[in-house]
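What you are looking at is a predicted structure, and each value in this text was computed from that prediction instead of being measured. Along the sequence shown, residues carry numbers from 1.
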Amino acid sequence: MEDLDAVARRYPRRKVSISGERKPMEVYDTPERPKAFSMDSLEFFFLIAQYFREALPLRLILLMIACQKAGGQIRLTQEEMATVLDVPRAKINEALQEIMGHGIVFKVRRGVYQFNPPYSYRVAEFIPGTELVEAEYVQVDQDKTIAKIRNDESLPDLVRFPSLDHMREAIEELRKKRAEERAARRWARAQRQEEGSAL
């Protein structure tokens, strides 16, 4: 082992210590989804919370984040989504079409969807073993998945080159429209009061 004083001199801004053991992270998990982590864009969450006016698209996005496998794939049929969220399948289809229309997820094949990696991405997962199968740690680096998506010309541009700008613009337009509607209502109320006082 290298001398600790030499390590401390090499990294003067870092704290060098062997005084304590690193505590394991406390994570609630289940046997079906053990020690599973995804990297999620806070800007993505911030915008979708403002953009989606109905709860179902947001609930569906959260479900898909929770069900990602390493590499960002989601293996769920629309029937399974409907069962978990306790809504009709037709509603799931509508919400899913809206989400996919923004390039947030895209369909790989029946029952398999892919999260767009800059928005949410599960890098790795631990798959516990059984008496017949050994435990396995699976890791899929984000850059490899992004490169694969960017090179797939069959995918829409919003999937290959994701951008949340259209959502930002739509939020601003909606706010502007609402401000104009409020101003029009205030003006109409003032007009009615004026007419009432003139009588």
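In terms of heavy atoms, Asn116 sits closest to Leu158 at ND2-O, 3.9 Å. A pairwise comparison of heavy atoms in Ala82 and Pro88 identifies CB-C, 4.2 Å as the closest pair. Of all non-hydrogen atoms in Phe52 and Ile61, the two that sit nearest each other are CE1-CD1, 3.8 Å. Closest heavy-atom contact between Lys69 and Arg122: O-CB, 3.5 Å. Counting all heavy atoms, side chain and backbone alike, Ile74 lies closest to Gln68 at CG1-CG, 4.0 Å.
The CZ atom of Arg59 lies 7.5 Å from the CD1 atom of Ile92; values are rounded to the nearest 0.5 Å. Taking OH from Tyr113 and CD from Gln78, the interatomic distance works out to 4.0 Å, rounded to the nearest 0.5 Å. Note that the CE atom of Met100 and the CD atom of Gln114 stand 13.0 Å from one another [nearest 0.5 Å]. Within the model, atoms CZ of Arg182 and CZ of Arg178 stand 8.0 Å from one another, a figure rounded to the nearest 0.5 Å.
Using a 4.5 Å cut-off on side-chain heavy atoms (C-beta onward), Leu63 and Leu76 make contact. In this structure the side chain of Leu164 never reaches within 4.5 angstrom of the side chain of Pro162, judged on heavy atoms.
The salt bridge (Lys or Arg N to Asp or Glu O under 4.0 Å) search around Arg160 returns Asp157, not counting sequence neighbours. Annotation: side chain to side chain contact (heavy atoms under 4.5 Å, CB included) contacts of Asp40 (sequence neighbours excluded): Ser38, Phe45, Ile65, Ser120.
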Validation: residues 168-176 side-chain donor-acceptor distances under 3.5 Å, sequence neighbours left out:
residue	atom	partner	partner atom	Å
Arg168	NE	Glu43	OE2	3.4
Arg168	NH1	Asp165	OD1	2.6
Arg168	NH2	Glu43	OE2	3.1
Arg175	NH2	Gln50	OE1	2.9

Give the table of side-chain donor-acceptor pairs shorter than 3.5 Å for residues 131-147, with sequence neighbours excluded, one pair per line with atom names and distance.
residue	atom	partner	partner atom	Å
Gln139	NE2	Asp141	OD1	2.9
Gln142	NE2	Pro117	O	2.9
Thr145	OG1	Tyr121	OH	2.7

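The number of heavy atoms from other shown groups lying within 6.0 Å of CZ (Phe161) is above 12. More than 12 heavy atoms of other residues, nucleotides or ligands lie within 6.0 Å of CD in Gln97, so this atom counts as buried by the packing criterion.
Ring geometry for Tyr51 versus His102: interplanar angle over 60°, hence perpendicular rather than tilted (30 to 60°).
One hydrophobic cluster holds both Leu58 and Val87 under the rule that ILVMFWY side chains link at heavy-atom gaps under 4.5 Å.
Contacts classified as salt bridge (Lys or Arg N to Asp or Glu O under 4.0 Å) and involving residues 91-100 (residues at least two apart or in different chains) are not found.
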Phe44 and Met167: CA distance, side-chain angles, deciding distance, side-chain contact (heavy atoms from CB on, under 4.5 Å) verdict: CA-CA 10 Å; Phe44 169 64; Met167 280 192 180; 5.7 Å; no

Going through the distances and angles, do Ile48 and Tyr119 end up as a side-chain contact (heavy atoms from CB on, under 4.5 Å)? CA-CA 11 Å; Ile48 63 172; Tyr119 300 148; over 6 Å; no

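The other members of the hydrophobic cluster of Leu155, by chain and number, are Phe106, Val108, Val112, Ile149, Val159 (side-chain heavy atoms under 4.5 Å, ILVMFWY only).
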